[in-house]
Amino acid sequence: MNNSLPKILIGVIIFLAFLGFADSAFLLAKRLSGGPIPCALGFTGCDEVSKSPYSVLFGIPLSAYGMVFYLAIGLLGVLYLDTKKVFVAQLLALGTVFGFILSLYFLYVQKFLIGTFCVYCIASAIIATILFGCGVAVYQKLKTITV
């Protein structure tokens, strides 16, 4: 029996974390530069969402928190590849749950409190959802690994 998670699964997690980090970094750069955030794919509320009072927590843009989240997930993936420690994989799986729940909340805020959507926020929510699916796969695989 294989006592580690499939490398492809961890590779997908690291790749998705990179995409999420890039998405969040773009939003933070636009926010800090004061430049407009161009919308795409029929979305029109990117600037409105980015400049809303809901886009900041403790004076820090949510996109900065997003960067930290995606960086942490990516680093946990790399750390797992290096150490094969079950605890690291458990933290990775737990982190994806956290990201997924926050993404659901942010979608709620966009829909019901701001009244419009940002394509980059939707992309982040999609990435967080796929990461959550990967986290579930990690959790399921961990149940079969002997410690």
Side-chain angles (χ1 to χ4, degrees), residues 4-143:
S4 65
L5 297 170
K7 286 183 182 178
I8 188 73
L9 176 60
I10 301 302
V12 167
I13 290 171
I14 293 168
F15 176 73
L16 289 169
F18 172 77
L19 289 179
F21 182 86
D23 180 62
S24 295
F26 171 76
L27 287 174
L28 182 61
K30 285 295 192 177
R31 169 105 185 186
L32 295 177
S33 73
I37 299 175
C39 275
L41 305 173
F43 289 86
T44 59
C46 297
D47 261 343
E48 190 176 342
V49 170
S50 174
K51 293 176 180 159
S52 81
Y54 301 103
S55 68
V56 176
L57 181 64
F58 304 120
I60 300 171
L62 291 179
S63 51
Y65 292 107
M67 288 176 64
V68 170
F69 166 73
Y70 287 117
L71 180 63
I73 293 296
L75 288 176
L76 284 169
V78 170
L79 185 60
Y80 177 78
L81 286 177
D82 185 49
T83 66
K84 303 293 190 268
K85 299 282 185 186
V86 170
F87 179 69
V88 173
Q90 290 169 331
L91 284 177
L92 179 60
L94 184 61
T96 67
V97 173
F98 177 72
F100 177 67
I101 290 170
L102 283 176
S103 287
L104 290 176
Y105 172 72
F106 296 143
L107 288 172
Y108 168 84
V109 168
Q110 288 178 79
K111 172 69 175 163
F112 297 105
L113 301 179
I114 302 172
T116 191
F117 290 99
C118 166
V119 67
Y120 305 100
C121 303
I122 299 297
S124 181
I126 290 169
I127 292 167
T129 301
I130 298 169
L131 279 171
F132 174 65
C134 292
V136 170
V138 165
Y139 176 76
Q140 291 297 322
K141 179 66 178 164
L142 284 176
K143 292 193 313 187

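Note that this is a predicted model, so its numbers are computed, not measured.
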(Q) The test is side-chain contact (heavy atoms from CB on, under 4.5 Å); show your working for I14 and L81 and say whether it passes. (A) CA-CA 10 Å; I14 293 168; L81 286 177; 3.7 Å; yes

Q.
Determine whether T96 and C134 satisfy the following criterion, side-chain contact (heavy atoms from CB on, under 4.5 Å), listing intermediate values before the conclusion.
A. CA-CA 8 Å; T96 67; C134 292; 5.9 Å; no

Q: Please report the C-alpha distance between L131 and F100 in whole Å, then the side-chain angles of each, then the deciding distance to 0.1 Å, and finally whether the side-chain contact (heavy atoms from CB on, under 4.5 Å) criterion is met.
A: CA-CA 8 Å; L131 279 171; F100 177 67; over 6 Å; no

Q: List the steps, then state whether disulfide bond (SG atoms under 2.5 Å apart) holds for C46 with C39.
A: CA-CA 6 Å; C46 297; C39 275; 2.1 Å; yes

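The structure places CG of L62 at 8.5 Å from SG of C121, a figure rounded to the nearest 0.5 Å. For the atom pair CZ (F112) and CG (L107), the distance works out to 10.5 Å, reported to the nearest 0.5 Å. Atoms CZ and CG, from F18 and D23 in turn, are 11.5 Å apart once rounded to the nearest 0.5 Å. Here the straight-line distance linking atom OH of Y54 with atom OH of Y105 works out to 7.5 Å at 0.5 Å rounding. In this structure, NZ on K141 lies 10.0 Å from CG on L9, to the nearest 0.5 angstrom.
Within the 3.5 Å criterion, the main-chain N or O of L5 finds a donor-acceptor partner in the side chain of Y80. In this structure, R31 contributes its side chain and S50 its backbone to a donor-acceptor pair below 3.5 Å. A donor-acceptor contact shorter than 3.5 Å links the side chain of D47 to the backbone of I37. When atom types are taken as modelled, the side chain of Y65 and the backbone of V56 share no donor-acceptor pair closer than 3.5 angstrom.
Heavy atoms only, all atoms of each residue included: V49 and S55 are closest at O-CB, 3.5 Å. Between F43 and I122, the shortest heavy-atom distance links the atoms CE2-CG1, 3.8 Å. Of all the heavy atoms in L142 and Q90, the pair that sits closest is CD1-CG, 3.8 Å. When every heavy atom of K30 is checked against every heavy atom of P38, the shortest pair comes out as CE-CD, 4.3 Å. Counting all heavy atoms, side chain and backbone alike, Q110 lies closest to C118 at OE1-N, 2.9 Å. Between S103 and S124, the shortest heavy-atom distance links the atoms OG-O, 4.3 Å.
For L113, the CG atom sits in a packed shell: over 12 heavy atoms of surrounding residues, nucleotides or ligands are nearer than 6.0 Å. Few gaps surround NZ on K84; more than 12 heavy atoms of other groups in view lie less than 6.0 Å from it.
Aromatic ring centres of Y70 and F21: separated by at least 6.0 Å.
Side chains of I10 and L92 form a contact here, defined as non-hydrogen atoms less than 4.5 Å apart.
Among L19, I13, V12, the single residue meeting the side chain to side chain contact (heavy atoms under 4.5 Å, CB included) criterion with F15 is L19.
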